[in-house]
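Following: one structure in structure tokens, then a few remarks.
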Amino acid sequence: MMKLFQKLGRMPIGLTIPAFAILLVVFGIPIVLLFLASINAPAFSATNYLGFFAQTANVRVLFQTIEVSVVATSICLIVGYPTAYLIVAASKSVRITLIALVIIPYLTSGLARTYAWIVILGDRGVINNLLLQLGVIHSPLQLIYNTMAVYIGMVHIMLPVMILPLVSAMMGIDRSLTAAARSMGARPLTAFWRVFFPLSLPGVRAGSLLVFVFCLGFYITPAALGGLRDAMLSTFIAAQVKNSFDISRIATSAFILLAIAVAVLFLLGLDLASAQGRTATTAWKSWVVRISKLDMLKRYFSRFSDSYRAKLWTTQLYQAGDDSRLSNIVGTMFVLLVMVYLHSPGLIVIIMSFSSGTFLEFPPSSISLQWYQTFFGDPSWRGAAWTSIQIGVAVAILSTIVGTLAAYGLNRTHPRLRSFLTMTILTPVTIPVIVVAIASYYGLVNLGLIGSRTGIVLAQSTGATGIVVVIVSATLANFDRTLERAAKSMRAGPLQTFWRVTLPLIRPGVIGGAVFAFLHSFDEVVITNLVSGYSIRTLPLKMWENIRNQIDPTIAAVSSLLMLVPVLWLIILYLTWWRSRLRDHRSRPELET
Amino acid sequence: MNVNTSVSVSEVDALQSGPVYAQIEFRNVTKTYGKVTAVEDLSLTVSRGEFLTILGPSGSGKTTTLMLLAGFEAPTAGDIFIAGRSVAAVPSYRRDQGIVFQNYALFPHLTVIRNLEFPLQMRGINAAERTRRVRRMLERVHLSDLGGRMPSQLSGGQQQRVALARAMIADPPFLLLDEPLGALDRGLREQMQIEMKSLHKEFGITTVCVTHDQEEALTLSDRIIVMRAGRIEQADSPEALYDRPATSFVARFLGEANMLENPDFQFKSDTPQASGTVAMIRPERICILALDAQKRGDADQRQSVNGTVEDMIYAGPLRKYHVRVGNSFFIVREHVASGQQIFRPGDEVCLDWLRSDVRFVAV
């Protein structure tokens, strides 16, 4: 055993083996087999692809998918850019609050948030009820099950995904540059366009790519809020899997979706990169790094206690002249509106979950806990929640161990090989989730693990491992390797060094990774839906079924509980990271004594 | 010491009869990274109790030499012997050594006491003995009150002392210092130099120090090795290196030097100038005088030339003159004293030096 570890210690790349083994078995091999199936290997023909495009219905769905993704991404960018700008320009305490307000919905179950829109936009929903009561209308307006509702719901879910990378990029811009431009005679707007905006482009690119790819593979919101005509390609693929398992047709649809994603990733990455004189590989790498939403998260947390660079310049930024007060008011109103849009649906659901009647009401005429009682009293809900927790914990443990080892190994690997391997490990979180779902489904069929907890854990772990790798790698990047040398010079072996020096110092990253792995699993619907084979009901699956079939008010209670989860996790994470920072900053003044 | 003596035996020695300090030997050591040769055919012996400094500009191979000695890198060719035992294939954590790292590498998650305990724990020393040794060591480096602090709560000088204490606490047979004072500001650095010198005198531990700071090297070392491009340029005592540099590289690297290629006057020297050498004289060995001034000493042993002052730089205790003599430039350094004649740019002056202060060094 010792020998093995010592050998692995000398060959750090060996530490990535467990992660790659899981990835390969659950995702890698199946996706290759699927590709072969889609081109009719070994005969090799394009008949499946030709067949796909021959059916006008398919082409229509494909175009609709692209259209919805492009429009949703554009709306997110138009709303997100000014929001991010205003967040970054705000004073420190306001900025921290606003960032937390963006992160909370980001970490909240997408299902719960989609459900909130059903409650608000439905025929007997909050808006229609209000309008009916006020006598403005006499019959309910058709607000839901149309394209409009799809956009409202999707932008609501994707907006934080856009804002966070933008804020991250903008925080990195030295404001003295804008001030310098001004000192050279550029007017505020010119300074913005010539200096600030170009520097914020990496954030724009990262945010847009993330949102676009998420949209491509997303089907929960369109399926729940859209009409029959608003089907996305992912809905279509999932339906095919459930109804007729024609492997080559499914594979074909999946690869068409994947091709679009890769093409956009590459085009957008390449284009902007070449404009800045960088190579395509750097673009890819920065994309891979940026996708690490969690890496960004971590940076926000560390910035909580940092004073923002060149703060003086920020205040100067607002001394635009006489209209500064007006622009301040407009800015505040805008941010306020965005925050209301992000948070009111959740708050409305939480309030409604305390309704006492047989239906949900807003505002509730009297308070009761009946829907919570139903939730905790119903064995099927309780069972689903328990299953989700068990699977979530298993996924967190597995992917944290495997991912930490891999991150440690990658950290010690040659940079070029490292970026390639990191990219590979992150595939399950960088491509449309429906493609991952199909591959995992196929992989688990081959292993005979469909409908088993082991299968679900394995399928969810591919993505969760990627998340852990990103977070732990970010932590390791700041880790001073001289400390390991120091330990070794004092006769600590590789294992002792890792255990006593490295691990304690990267612990915040490891805990963060575990938390996000759990959240990833706890909220996962698309993959789980396919690989659960009807026999296992996780909480999101049961909710999803309920949302589609009968609107059971219990969901309001479940959603409210789910919204609490990320807040709790955030507090835990904040305490961990905050504590580790505190250690570094504690009692400086004592030095003077 | 027996060639086959294992580390554990030497450790027992150390515990019973006080530490046994080791002799270190590099035998034809070469280290290459791909096509780059960092250290080439290095042979070197550090005797017991010696304080040896490896000095060189960045890229000269001095850090690689330290890495090889510490066991973080293995030599491509050749062998290293510590106390007569070949260690080329022994990983760092199986060796017995104390290292002070450039930025100290104090474990940020452990208190000062726990940092000091670490090397003792790794050697399996029991808790009572550990506590005793830590307390003694803290007293010795005047940090007894700060044992419970985290490294980040210490000042630079205190961190430096903890790093030194941690390196010494397990009584290693030799000590490695990697730019030990580089992170300190000037005043503190001088104080620490004195402290380290006295610690070395007290313990008599074999010490190898790597630095690019010539002042540190001159102050601390018994012997200095000047490295250049992976090879030893010259190895000698500080005085000998400064007074009798073998090459122009060494002359320039240690202190300031006037290198005079083809001056349009003849150097009067006791030894004839060999081909491929250049005349070198230190700026502080030259006297700057008014043309009509009385020359001191025996005229036979001195040489004088006349020149024009081009610039004068006042630097506190020193005054620095740039003087043109025909087609060559001299830098002259003079200690500021009261009643001294001060020359201005344009003044005609006489430069005067002892013939034995001129050295011919390889180009």
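In what follows, chains are A, B, ... by sequence order, proteins preceding strands, each numbered from 1.
Residue B:Phe72 touches chain A through its side chain alone, counting heavy-atom pairs closer than 4.5 Å. Contact annotation for A:Arg507: neither backbone nor side-chain heavy atoms come within less than 4.5 Å of a heavy atom of chain B. Heavy atoms of B:Leu106 lying under 4.5 Å from chain A belong exclusively to its backbone. For a residue to count as touching a neighbouring chain, one of its non-hydrogen atoms must lie under 4.5 Å from one of that chain's; by this rule B:Gln121 touches chain A with the side chain only.
Looking only at heavy-atom pairs under 4.5 Å with chain B, the residue among A:Leu483, A:Thr482, A:Thr497 that has the most is A:Leu483.
Taking the charged nitrogens against the carboxylate oxygens, B:Glu129 and B:Arg132 do have a contact shorter than 4.0 Å, which makes a salt bridge. Residues B:Glu117 and B:Arg133 are not paired through a salt bridge, judged by the lack of any N-O separation under 4.0 Å between the basic side chain and the carboxylate.
Qualifying salt bridge (Lys or Arg N to Asp or Glu O under 4.0 Å) partners for A:Arg416, counting only residues two or more places apart in sequence or in other chains: none. Partners of A:Arg412 by salt bridge (Lys or Arg N to Asp or Glu O under 4.0 Å), not counting sequence neighbours, listed by chain and number: A:Glu484.
Side chains of B:Asp213 and B:Thr211: no donor on one and acceptor on the other come within 3.5 Å.
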